[in-house]
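The next block holds one structure in the form of structure tokens; read it before the comments.
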Amino acid sequence: TSYAADTKINVGALRFTSHAASFVAFERGYFKDEGLDVEFKFFQAAQPMAVAVASKDVDYAVTAISGGLISLAEKGAAKVIGGALMEDPAIDGQKILVSDAAFKDGMTEPSKLDGRSFAMTQSGSSFHYMGAKIAAKEGIAVSFKPLQKVGAIIGALKSGQVDAWSIVPHIAKPLDGSGAVHIIGNVADYIPDYQVTVVFTSADKAANDRDTSLAFLRAFSKGADDFNAALVDKTAGDEAAEEMVKLVHKYVYTDRPYEKAAPSIRNGAMRISPNAALNTASVQDQLDWFKSEKLVKDSVTIDTLVDSSYAN
Amino acid sequence: MSEIRQDSTRKTVDFRGGGFAPQSRKWVGIVVFVVLIGFIELGTRTGFITNLTLPIPSDVFATFVDLWQSGLLWKHLLPSIMRLIVGASIGVSLGIGIGILIGLFSLIRAGLVPLVAAIFPIPKIALLPLFVIWFGIDETSKYALIAFGTFTPTVVATYGAVDNVDRSLIRMGQSFSLSWFSIVRKIVLPGAMPGILSGLRISLAIAIILLVAAEMLGAEFGIGAYILEAGSLYDLERLFVGVTILSILGVFVSLGIGVIEKRLLNWRV
Amino acid sequence: MSEIRQDSTRKTVDFRGGGFAPQSRKWVGIVVFVVLIGFIELGTRTGFITNLTLPIPSDVFATFVDLWQSGLLWKHLLPSIMRLIVGASIGVSLGIGIGILIGLFSLIRAGLVPLVAAIFPIPKIALLPLFVIWFGIDETSKYALIAFGTFTPTVVATYGAVDNVDRSLIRMGQSFSLSWFSIVRKIVLPGAMPGILSGLRISLAIAIILLVAAEMLGAEFGIGAYILEAGSLYDLERLFVGVTILSILGVFVSLGIGVIEKRLLNWRV
Amino acid sequence: MDLRLEAVGHHYGDLEVLSEIDLAIPAGKIVCIVGPSGCGKSTLLRLIGGLEQPTTGQIVQIGTPPTDSINPLTYVFQDFALLPWRTVEGNISLVLEDHRMPSARVTEIIANVLARTKLTEFAKAYPKQLSGGMKQRVAIARALAVKPAILLMDEPLSALDSQTRELLMDDLVGLWTRDPFTSVYVTHNLNEAVRLGHSIVVLSRRPGRIREIVDVTIPLGERELGDPELERQQKHLWNLMRDEALAADKELLNV
Amino acid sequence: MDLRLEAVGHHYGDLEVLSEIDLAIPAGKIVCIVGPSGCGKSTLLRLIGGLEQPTTGQIVQIGTPPTDSINPLTYVFQDFALLPWRTVEGNISLVLEDHRMPSARVTEIIANVLARTKLTEFAKAYPKQLSGGMKQRVAIARALAVKPAILLMDEPLSALDSQTRELLMDDLVGLWTRDPFTSVYVTHNLNEAVRLGHSIVVLSRRPGRIREIVDVTIPLGERELGDPELERQQKHLWNLMRDEALAADKELLNV
Ligand SMILES: Nc1ncnc2c1ncn2[C@@H]1O[C@H](COP(=O)(O)OP(=O)(O)OP(=O)(O)O)[C@@H](O)[C@H]1O
Ligand SMILES: Nc1ncnc2c1ncn2[C@@H]1O[C@H](COP(=O)(O)OP(=O)(O)OP(=O)(O)O)[C@@H](O)[C@H]1O
Ligand SMILES: [Mg+2]
Ligand SMILES: [Mg+2]
């Protein structure tokens with residue numbers, strides 16, 4: 001393919017290991033192979049990224065399903081076209097954490113969290129969903145504390161001001177290691193096959209630019225396959241794993257030396273859905289939960305949110 | 001007195017004064033609001049303004065009425081007002097106290113003014129993670145954030161006001177052998193009051209602005225929390241309801257200070 | 001002239017003046033900083049202050065040196081300064097323009113002052129989601145946010161300054177039949193300059209504070225982005241490096257305005 | 001050019017400030033206006049200069065101003081009204097700039113008026129560097145620069161200390177003697193009035209009406225500090241005004 | 001109680017303001033101090049009142065002040081120095097409050113001084129409601145309230161218009177005639193000096209030195225506007241000071 005023919009697209013990303021599939025596809029030329037000239041747009045948080053897709057500043061992005069994303073879909077501005085990060089019972093996934101104080105207080109497993117506080121960034125965030133599902137399954141009640149920023153949550157957890165939280169492993173494990181926080185369970189035990197993040201684009205692009213969208217998903221899947229093989233299933237060998245960590249380190253923890261960054265990157269490796277397959281059942285469950293909490297309008301259906309023509 | 005010629009050209013003196021004096025025309029402000037909102041209503045209804053850009057004003061109003069009728073308005077408004085009152089009281093009273101000390105004592109001035117100048121441009125949201133550790137996630141941290149935000153502008157306004165107290169009045173006090181304490185209490189403080197009050201206007205506007213930042217810290221209820229949730233859900237109607245409430249709150253606070261000024265400073269020319 | 005008794009009690013007049021006049025003692029400020037930082041260093045090193053509460057100052061300094069040596073400092077600082085300059089220029093020049101119009105024309109004043117008063121207490125972070133839609137995620141939205149934040153205080157300061165221009169100078173201009181345009185350009189504008197500049201001081205402090213909010217919008221580099229990242233990782237050393245840079249930036253901007261004031265307003269008594 | 005006030009009256013809202021003023025201001029003479037505080041002297045001067053419009057009556061120019069007069073009716077203010085951001089030169093050029101003169105002409109006019117007011121060496125000074133007396137000299141120089149047909153002076157010496165006032169009175173007399181000008185001179189100070197006025201108009205309390213017009217016949221150049229005839233006139237004026245001044249002083253202002 | 005200045009000199013940094021002032025201020029007399037602008041008159045008065053300390057020399061009280069004198073050395077300022085947030089009454093009570101007097105005594109003193117200055121009906125008025133002349137009357141009442149041994153007045157009439165000044169001079173003369181007080185009276189105005197001073201001290205330009213002391217022998221109560229002897233004295237003073245006043249006026253201030 002000639003460069004002139006390349007379609008320019010903007011891809012939104014956070015500097016998290018969970019976005020590695022895009023980085024791999026870029027670095028290894030999979031996007032180029034599909035005739036896509038990708039430029040990354042980096043964000044500090046997922047919510048503005050969703051808005052940026054709606055405003056067409058960004059063409060494709062990966063994020064957790066949140067109330068904001070559903071709301072934008074309801075306004076006819078965004079559509080989910082594929083799956084990304086997912087919980088896999090066989091793989092180390094998101095962890096349930098408690099503060100040291102709570103741990104010492106006997107909260108050594110999720111069932112003992114009754115009446116305790118559970119941290120989240122905002123109402124309608126994935127943390128809110130996880131906490132609610134865990135509580136429902138254990139038949140307990142927790143109170144949710146919106147703290148907006150991951151940093152604020154970590155601070156609150158370390159100083160024992162909130163009792164519990166759930167978070168991706170690369171953040172959970174170092175915290176557990178520091179002794180100020182303890183891991184007491186896995187999210188996967190409560191929400192099996194949880195579709196944590198999804199690939200989405202503007203409704204307009206999903207409907208009218210199928211070729212590009214499909215090309216993006218193909219390249220993204222190849223990146224995901226490489227990543228899964230190197231760091232999740234670890235079938236590609238140590239050398240490939242090392243190489244993968246180096247590749248990801250170009251984007252994540254860039255200001256830390258490689259030696260410090262590598263463990264965090266390895267810890268953060270969760271499965272990325274092969275072929276960008278979307279677990280529609282999980283999405284439906286999340287949507288139903290958002291509706292039941294009155295965080296999104298009742299009129300939203302799965303077809304409002306997902307362009308099922310991509311689901312494979 | 002000599003005689004004036006009667007037969008000459010006569011012409012009245014040209015008028016060249018007037019202007020440069022603002023006149024009050026209250027209705028124009030209302031007209032501007034009505035036209036603006038009417039225009040947006042029309043634009044959003046016809047789709048000329050997309051529903052991603054702005055909400056439909058009448059929907060915003062309906063959302064507000066809902067909020068009111070559900071009783072949630074007060075559930076959000078009261079904690080926010082409480083936080084404003086407590087936080088601003090702490091920040092303002094500390095600020096006035098320190099400001100007066102800076103104004104009165106050269107040593108304190110030399111020590112604290114650079115510190116205040118260094119603290120001034122620090123964005124409060126940057127410190128949110130620290131505030132969680134320092135003050136927890138309950139009301140204390142919200143009070144602390146608002147207090148911190150109102151403190152620096154109040155200090156600056158207060159010591160400026162003390163500096164501006166007419167020195168001739170202080171010299172008068174000394175010439176009548178008033179005690180140092182009498183001079184401070186009866187001359188310096190009342191003389192600094194106009195400056196302190198106009199500083200308060202800014203401090204309280206900042207307090208309202210900081211409400212959103214303060215309620216980032218684990219607030220379930222509160223106008224700031226309401227706005228944040230609406231923002232994260234991209235629910236424009238509720239976002240605008242929240243913003244409008246803050247704006248009205250700001251206007252009321254400003255009117256309130258106006259009333260206090262009228263009362264307290266009726267001695268001003 | 002009558003004679004004075006020589007045989008009476010003699011006593012020199014008691015001194016009762018002095019005081020209430022600040023003296024400059026620059027070194028005290030430095031001492032306060034040194035003592036404060038020394039105390040924190042000691043406290044954090046001995047564990048008397050936990051490492052959750054505050055970072056060790058020398059670690060913060062080491063982090064700063066790292067940042068500098070890695071060349072990342074400039075990579076973060078330059079875009080932020082660029083955003084400050086462009087955003088503040090837009091906001092300030094629009095603000096001064098509208099402020100002058102408000103100051104000069106009663107109709108514009110009546111229409112816009114309530115609008116500005118309503119916009120003033122709106123927290124800019126509340127509008128972040130809208131700014132993405134309105135201005136995109138590139139530099140434009142950052143400029144717009146800073147411009148928006150500096151606009152309202154500049155407008156208020158400017159029309160206040162125009163109102164405060166000595167009316168007797170304007171009457172003088174009219175009495176010499178100067179044209180309206182000459183009066184505005186040669187009397188009103190220079191007369192309003194001191195007030196506009198002191199408003200600028202506040203506007204630019206606000207611009208620096210807003211940097212963090214602006215760089216929440218998809219900024220990779222920038223001091224605000226650096227602070228946000230450090231905050232989200234609860235990396236206190238880097239958080240304090242970022243905050244200190246903003247604080248120093250603020251002090252420099254304030255000094256800069258001081259220099260401009262000295263230059264432009266050397267005619268003041 | 002002469003001026004004539006015909007049945008001039010003025011209101012501010014419901015407040016009647018001036019009533020039924022008939023007055024002639026003949027060319028080449030200085031007419032002083034005295035009266036108690038708040039009787040409308042400044043208002044009257046603003047009406048004469050066209051800065052305000054009389055509610056009733058009219059103010060007419062009889063004859064045309066000399067063709068080289070740039071600003072026929074020119075003020076000198078009590079508070080000097082100098083632009084603090086312009087030098088002495090700049091303050092004078094301000095009033096010439098709107099008239100599109102060749103710059104050589106402007107320079108010439110400025111040099112001329114500075115010389116006449118003995119200010120040449122202060123051309124580059126800023127107002128803040130000048131004493132009150134010098135500031136008022138600059139304001140007078142600025143007024144002379146536009147070659148006024150009539151100089152309207154509103155308590156030009158009131159803001160000065162009495163020694164400076166004495167010096168400036170001499171200057172004004174000197175200027176008039178060399179080149180007689182027409183002037184309406186408002187003052188509180190009866191000593192100034194008898195030293196500078198060819199005729200002195202005494203106004204009553206508000207609403208200001210003309211109570212008496214006193215002519216002083218001694219030529220301006222010959223009037224001196226302590227002249228018994230002037231003292232007599234001054235005393236006469238003071239006796240006329242004393243009670244009204246006392247009443248004006250005791251009035252509570254409602255601000 | 002008398003005051004004596006002995007070889008008083010004063011510097012502000014490198015600026016010598018006063019030099020070698022020897023002066024006696026006898027009880028019951030008004031000593032006027034005149035001199036060109038910036039010669040150090042106000043500084044001298046501040047030294048006398050103990051608001052500043054002389055660099056050299058000393059100022060001594062000879063004899064003790066009357067026992068009922070609350071504040072022996074009391075000022076009246078040019079700008080009145082009234083607290084705008086207190087009524088006339090409140091401004092007077094201000095200077096009594098620090099002395100722990102029974103409140104009936106305070107009320108009595110206030111009523112007394114208001115009556116003496118003809119201000120009784122203005123007791124509840126705020127300064128902003130008063131004309132300049134009334135404000136200065138309040139300041140004088142306040143000064144009288146503390147029963148001063150010596151009144152220090154710094155151009156008390158300079159901020160007033162000349163008619164009000166005339167009225168207040170009469171008031172001061174009246175107050176002195178009924179109950180003679182000692183006073184140091186600084187002024188620019190030679191007319192005031194000859195009307196109010198028992199002796200008039202003429203200072204030279206900065207650094208201020210005593211050039212001449214003129215005694216006026218006509219009793220205070222008999223001095224009148226236009227008295228030829230006073231006119232002669234005033235003219236003499238003016239001739240003494242004219243050149244220095246001119247030079248002071250022409251000085252460039254460096255601010
Ligand atoms: N623009 C105005 N609007 C309303 N009232 C005014 C205005 N200008 C002056 N006055 C009132 O009109 C009256 C006369 O004012 P004016 O200034 O003409 O008096 P004056 O004789 O010059 O007084 P002074 O001796 O104090 O200078 C005063 O009572 C004043 O309060
Ligand atoms: N606190 C001060 N610090 C420095 N210089 C001062 C101070 N006070 C006065 N001066 C200077 O001392 C000189 C004498 O001042 P002072 O006010 O005593 O003069 P004055 O005779 O009262 O003048 P005026 O007639 O203008 O009232 C002036 O040159 C003045 O600038
Ligand atoms: Mg007047
Ligand atoms: Mg003085």
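What you are looking at is a predicted structure, and each value in this text was computed from that prediction instead of being measured. The chains referred to below are lettered A, B, ... by the order of the sequence lines, with proteins before strands, and numbering in each begins at 1.
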### Task
Output the distance between atom CG (B:Asp14) and atom CD (D:Gln53), rounded to the nearest 0.5 Å.
10.0 Å
### Task
Flag yes if more than 12 heavy atoms outside B:Phe105 fall under 6.0 Å of its CZ atom; otherwise flag no.
yes
### Task
Report yes or no: does B:Arg16 contribute a side-chain atom to a donor-acceptor pair with the main-chain N or O of D:Gly49 at less than 3.5 Å?
yes
### Query
What part of D:Leu73 gets closer than 4.5 Å to chain B, counting heavy atoms only: side chain, backbone, both or neither?
both
### Query
Does the side chain of B:Val13 come within less than 4.5 Å of D:Gln61's, by heavy atoms?
yes
### Query
About how many Å separate NZ of B:Lys11 and CD1 of D:Ile62, when rounded to the nearest 0.5 Å?
12.5 Å
### Message
A side-chain contact here means heavy atoms from C-beta on lying under 4.5 Å apart; do D:Gln58 and B:Arg10 qualify?
### Response
yes
### Most contacts with chain B, counted as non-hydrogen pairs under 4.5 angstrom, among D:Ile59, D:Ile48, D:Thr217
D:Ile59
### Message
I'd like to know whether CG of D:Asp68 has more than 12 heavy-atom contacts from other residues, nucleotides or ligands below 6.0 angstrom.
### Response
yes
### Task
Find the distance between CG (D:Leu47) and CZ (B:Phe15) and round it off to the nearest 0.5 Å.
10.0 Å
